[in-house]
Amino acid sequence: MEEMQTTYNPKEFEDRIYREWMENGCFRAEIDRDKVPFTVMMPPPNVTGQLHMGHAMDETMQDILVRFKRMQGYCALWLPGTDHASIATEVKIVERLKKEGHTKEELGREEFLRRAWAWKEKYGGRIVEQLKKLGSSCDWSRLAFTMDEKCSRAVREAFFRLYQKGLIYRGSRIINWCPSCKTALSDAEVEYAEEQGHFWYFAYPVEGSDETLVIATTRPETMLGDTAVAVHPGDKRYAHLVGKMLRLPLTDRTIPVVADEYVDPEFGTGAVKITPAHDPNDFEVGLRHNLPVIRVMNDDGTMNDLAGGYAGLDRYEARKRIVEKMQQLGLLVKIEAHAHNVGHCYRCHSTVEPIVSKQWFVRMKPLAKPAIDAVVKKKTKFTPDRFSKIYYNWLENIRDWCISRQLWWGHRIPVWYCGDCGEVICARETPSVCPKCGSAHLTQDEDVLDTWFSSALWPFSTLGWPEETEDFDYFYPTDVLVTGYDIIPFWVMRMMFSGIEHTDKVPFRDVLIHGLVRDEQGRKMSKSLGNGIDPLEVIDKYGADSLRLSLVTGVAPGNDTRFTDAKVEASRNFINKLWNASRFVLMNAKREKAPALSEIRLQPADRWIISHLQACIREVSAALDKFDLGIAADKLVDFVWNDFCDWYIELSKPALYGEDADKKRGALAVLMMVLENILKLLHPFIPYVTEEIYSYLPTTKGFIMKADYPRYNSRLAYKKEAKAFEGVIDLIKTVRAMKVEVSCPPSRKVHVYLMTESRRLVTVNKNAIMRLAGASEVSFVDGGPEAGAKVVSNVCELGQVFIPLGDLVDLEKEKARLEKELERVTGEIARAGSKLANQNFVAKAPKKLVDDERAKLEKLIDAKAKVERRLKDFE
RNA sequence: GGGGGCAUAGCUCAGUUGGUUAGAGCGCAUGCUUCACAUGCAUGAGGUCACAGGUUCGAGCCCUGUUGUCCCCACCA
């Protein structure tokens, strides 16, 4: 076996190891009916997108869970895939065409789609390769794409079923329209941002009177589509006008004044212009009063023929001219500054127009109810739980889902219209003739479906649904979905109601929600700010393991986290530590073959580290089961660095370098055993380096990722022995601190005198104590030193320590130290004493707590006496 | 308007069902070329757990209110 390199250098092995995992089919989930499945569906990134920090965290968390479960013996399937990202991808392709001087209309649908697929082929592999860099252990043989045959079939099936049940319908409704993407958007796809705008007060003349009615509007251009003015029914100011007609300026139309509860008499002038075609609320008012719907805007945001003289103008130009014209006519009463929220397209950020349009919708109310119930009944659990409230909030206030998009890249709506009889045909497969009249004049609906319609089916479409495949039968429902909170309304919610509707089961039992990865200053990473950090660059510099570990340490579930170089460096340093500790163990193990644990006699230090290992195994497993990845990582780092490296390795050195062959073999056995366990425990977090080190272990075969995850063994807990050994550690720490306190150089060995009842324990560990505490000798004494001796003293768990330091001792310093110690101990005694004097505490607190407190008090009193005695020596 | 998060060491953050003297990393101070590691070792300084009440034998944690801050939803035209 080759020697390990002296420093940790991830570049040497990360790519090689990933290749080996792939070549050996380590990620492949073979159905095994003797095993319990554990299924995770990867949230599919945009097929032509690039890896960012958000993905990196999302992927890391999933990989940790999947590797953990796989090692625990589950049949773990992590199914990867990509999303066609209808609007996002189409926007990109259109931009590209624009640069080449083309428009998509010029190319036509067929040619455009040909190019889109070519684009997908060109860039679709990029994100997949990037995911591999992270070490993701997903089953690439099952790689899915939302527009592949399997998923497309599921989309048609789902649409068909919903249509048959009357849960999908087509209708003219107010929808959010993006004039730039020229498509409808769902409510979730609109982002609101406050903008500084204006309030224009316009006077509308009352027909047959000199009176005018003043309304206020933020969008003057829509006045051309006004079909009424509404006032509150109880508003006395306007009561006499209700039912009268107004002359709508700039047009030759007259419109009625109607009374409607929707109007807030306190706001503006208390009179609202009603434009049913361009405002959701006005649309509702229009329905109540049977008002005509006059749409004055084209799909591209310009005014249409119904806008009369303003036809062809851009919406903002029209606004300007209308205001000017109204002013000329003397009908502009005033202009006020007004801040209001304006909706923007979540992809291109253009201002969205609410517009009446004929679109396809999913009827949400009947679907929302079971989706809410499933979470209420805990069939699906959110972690952290608070996100279930956000989920409820969305579903309880949900409106019908607009699923048609005026785009080409996506799943075309499986509906055909008969050119002869007008029949509307929804079918799974393309029909050849009209089932009603037999005509072959069929044209398919031009629109495609919202990207999220196919994503909603992801947990089961990828497993072959609607076919009753073996995969579907075995792996569905999935176990845990890992995703960010920003995507709950887009995706989580829709998978929930879709899963329940189509498969009768919740699509996943747990939803693990994480926060956003922010920049160093806490800002969201974004393209426009240019503050995004490329995970691939970080991997290049520090390795994937360091990146992974840094993304989960110090992070609480659901909370945002800041990404800093310092964090990655800390992780890298830890891995370097692990690397070197391993190197140390292996170097020593080489000379002497490490025996099995059962063949050796355990020393107190051995039992101590084994005990801590057991605690670590239990705590880490429990934390992972609760999705507390940050806590699990913390515990591991702490155990490896503090317990194993700083203590156990150092404690083992006297044995390793000593003459006693049995002790040497014993220490080696324990070092090897603990190291192997550490590697396994850490593997889900830092898979590459653990796999690499594992390959050097003489005792192991095969891949660590296929090894069994350590299990807690109560017979190895050694709680009593471990507790006793803490006394030795405390003694070493006490001696070290005493030396530092009196400025004794670390290189100077001191003679340690100890007054203790634990002589055996100390004797057994004498060599280690001498080495770690920097002592030349450890001797036992029955009493304290003579008065005035140049000795420093302190109390530790095992008893009292004296160190004669000759001329080096600064008696004044020692006295000051003792006085400080006395103060501390006295304070502690007072605190413990008053606690025990409290009858309520003694009566109501658990007995163990009270007993502990009593024992502590006794010890403190003893310690105080000792310190006082020493202080007397200085008088 | 509704909902939610956060407020703990100089900085970034953990803190399990309420229970010893509230933790980590980084930073800081002091000292270490100890044969795995200076990407390291040792020792240490540093906190009124935002504020005010309450529940409890006991509160960083539970309850009420206040302040500051961030986010989500709604959209009074």
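Atom set for the values below is all heavy atoms of this structure, side chains included, hydrogens, waters and symmetry mates excluded. Here is the naming used below: chain letters follow the sequence lines, and residue numbers restart at 1 for every chain.
Across B/U16 and B/A7, the matching P atoms stand 12 Å from one another, rounded to whole Å. As rounded to the nearest Å, B/U69 and B/C51 have C1' atoms that lie 15 Å from one another. Comparing B/G60 with B/U48, their P atoms sit 13 Å apart, to the nearest whole Å. Going from the C1' atom of B/A29 to that of B/G4 covers 42 Å, rounded to whole Å. Spacing between B/U30 and B/C70 at atom C1', rounded to whole Å, works out to 41 Å. Between B/G10 and B/G46, the distance separating the two P atoms is 11 Å to the nearest Å. Spacing between B/C37 and B/C41 at atom C1', rounded to whole Å, works out to 10 Å. Nucleotides B/G15 and B/U8, compared at atom C1', are 9 Å apart to the nearest Å.
Nearest-nucleotide positions on RNA chain B place A/K626 closer to the 5' end than the other of A/K626 and A/K733. Checking A/N397 against A/T561, the closest nucleotide of RNA chain B that is more toward the 5' end is the one next to A/T561.
One N or O donor and one acceptor, one from the side chain of A/N341 and one from the base of B/C75, sit under 3.5 Å apart. For a distance-only test at 3.5 Å, the side chain of A/E650 fails to qualify as a donor-acceptor partner of the base of B/A42.
Which of B/U43, B/G31, B/C37 sits closest to the side chain of A/P746 comes down to B/G31. Nearest nucleotide to the A/K389 side chain, out of B/G4, B/A36, B/A77: B/G4. Comparing atom distances between the A/W641 side chain and each of B/C57, B/A42, B/C41 picks out B/C41 as nearest. Between B/C37, B/A42, B/C73, one nucleotide has an atom nearer to the side chain of A/N393 than all others, and that is B/C73. The nucleotide whose nearest atom lies closest to any side-chain atom of A/R572 is, among B/A77, B/U43, B/U39, B/U39. Checking B/U43, B/A36, B/A77 against every side-chain atom of A/V272, the shortest atom distance belongs to B/A77. Considering only side-chain atoms of A/R771, the nucleotide from B/U20, B/C35, B/U16 that sits closest is B/C35. Distance from the side chain of A/D646 is smallest for B/C41 among the nucleotides B/C57, B/A36, B/C41. The A/R583 side chain lies nearest to B/C37 when the options are B/C37, B/A14, B/C75. Among the nucleotides B/G40, B/A77, B/A14, the one closest to the side chain of A/H340 is B/A77.
The shortest distance between the side-chain N/O atoms of A/Y657 and the OP1/OP2 oxygens of B/A36 is below 4.0 Å. Put simply, A/H338 has a side-chain N or O that comes within less than 4.0 Å of OP1 or OP2 on B/A77. For B/G40, the OP1/OP2 oxygens have a side-chain nitrogen or oxygen of A/N573 closer than 4.0 Å. Considering only side-chain N and O atoms, A/R386 lies nowhere under 4.0 angstrom from the phosphate OP1 or OP2 of B/G4. Phosphate contact (OP1/OP2 of B/G19, side-chain N/O of A/K848, threshold under 4.0 Å): absent. The side chain of A/K835 places no N or O atom within less than 4.0 Å of a non-bridging phosphate oxygen (OP1 or OP2) of B/U20.
Using a 4.0 Å heavy-atom distance criterion, A/P280 is classed as making no nucleic acid contact. Nucleic acid contact class of A/K567 (heavy atoms, under 4.0 Å, all strands): sugar-phosphate only. Note on A/Y192: a base of the nucleic acid sits closer than 4.0 angstrom, heavy atoms only. A/E266 comes within 4.0 angstrom of no nucleic acid atom, judged by non-hydrogen atoms across all strands. At a threshold of 4.0 angstrom between heavy atoms, the contacts of A/D264 include nucleobase atoms, whether or not backbone atoms are also involved. At a threshold of 4.0 angstrom between heavy atoms, the contacts of A/F387 with the nucleic acid are absent. Within 4.0 Å of A/A570, counting heavy atoms only, lie sugar-phosphate atoms of the nucleic acid but no base atom. Among the heavy atoms of the strands lying under 4.0 Å from A/R562 are primed sugar atoms or P, OP1, OP2 only; no base atom is included. Backbone-only engagement by A/W394 is indicated by non-hydrogen atom pairs under 4.0 Å involving sugar-phosphate atoms exclusively. Here A/K524 lies out of heavy-atom contact (under 4.0 Å) with every strand. Here A/I649 lies in heavy-atom contact (under 4.0 Å) with a base. Within 4.0 Å (heavy atoms only), A/D279 reaches no atom of the nucleic acid at all. Note on A/D282: nothing from the nucleic acid sits closer than 4.0 angstrom, heavy atoms only. Using a 4.0 Å heavy-atom distance criterion, A/A556 is classed as a sugar-phosphate-only contact.
Under the 4.5 Å side-chain criterion, counting only non-hydrogen atoms from C-beta, A/I174 is not in contact with A/D279. Under the 4.5 Å side-chain criterion, counting only non-hydrogen atoms from C-beta, A/T275 is in contact with A/H278. Looking at heavy atoms from C-beta onward, A/E828 lies out of side-chain contact with A/E823 at the 4.5 angstrom threshold.
Remark: C1' of B/U30 and CE of A/M738 are 19 Å apart, rounded to the nearest angstrom. Taking atom CG of A/D638 as the reference point, atom P of B/A14 lies 18 Å away to the nearest angstrom. If you take CH2 of A/W579 and P of B/U39, they are 17 Å apart, rounded to a whole angstrom. Put simply, NZ on A/K844 is 17 Å from P on B/G18, counting in whole angstrom units. When rounded to the nearest whole Å, the span between NZ of A/K739 and P of B/G44 equals 14 Å. Residue A/N642 contributes atom CG, which lies 12 Å from atom C1' of B/C41 at whole-angstrom precision. When the P atom of B/C71 is taken as reference, atom CD1 of A/I488 falls 17 Å away, rounded to whole Å.
Base-pairing analysis of RNA chain B finds the following stems of at least three consecutive Watson-Crick or G-U pairs, with both pairing distances under 3.5 Å: B:1-7 with B:67-73, B:10-13 with B:23-26, B:28-32 with B:40-44, B:50-54 with B:62-66.
Around CD of A/E195, the count of heavy atoms belonging to other residues, nucleotides or ligands within 6.0 Å exceeds 12. Atom NZ of A/K653 sits in a crowded spot, with more than 12 heavy atoms from other residues, nucleotides or ligands closer than 6.0 Å. Environment of CD in A/E659: sparse, with no more than 12 heavy atoms of neighbouring residues, nucleotides or ligands closer than 6.0 Å. Atom CZ of A/R399 is surrounded by 12 or fewer heavy atoms from other residues, nucleotides or ligands within 6.0 Å. The 12-atom threshold is exceeded at CD of A/E726, counting heavy atoms of other residues, nucleotides or ligands nearer than 6.0 Å.
Shown are A/I372, A/I398, A/I487, A/V375; of these, the side-chain contact (heavy atoms from CB on, under 4.5 Å) with A/M493 is made only by A/I398.
Closest approach of A/Q521 and A/D519 over heavy atoms only: N-OD1, 2.9 Å.
Between A/Y8 and A/Y542, the gap from one ring centroid to the other reaches at least 6.0 Å.
Using a 3.5 Å distance cut-off with no hydrogens or angles, the side chains of A/E191 and A/Y346 do not pair a donor with an acceptor.
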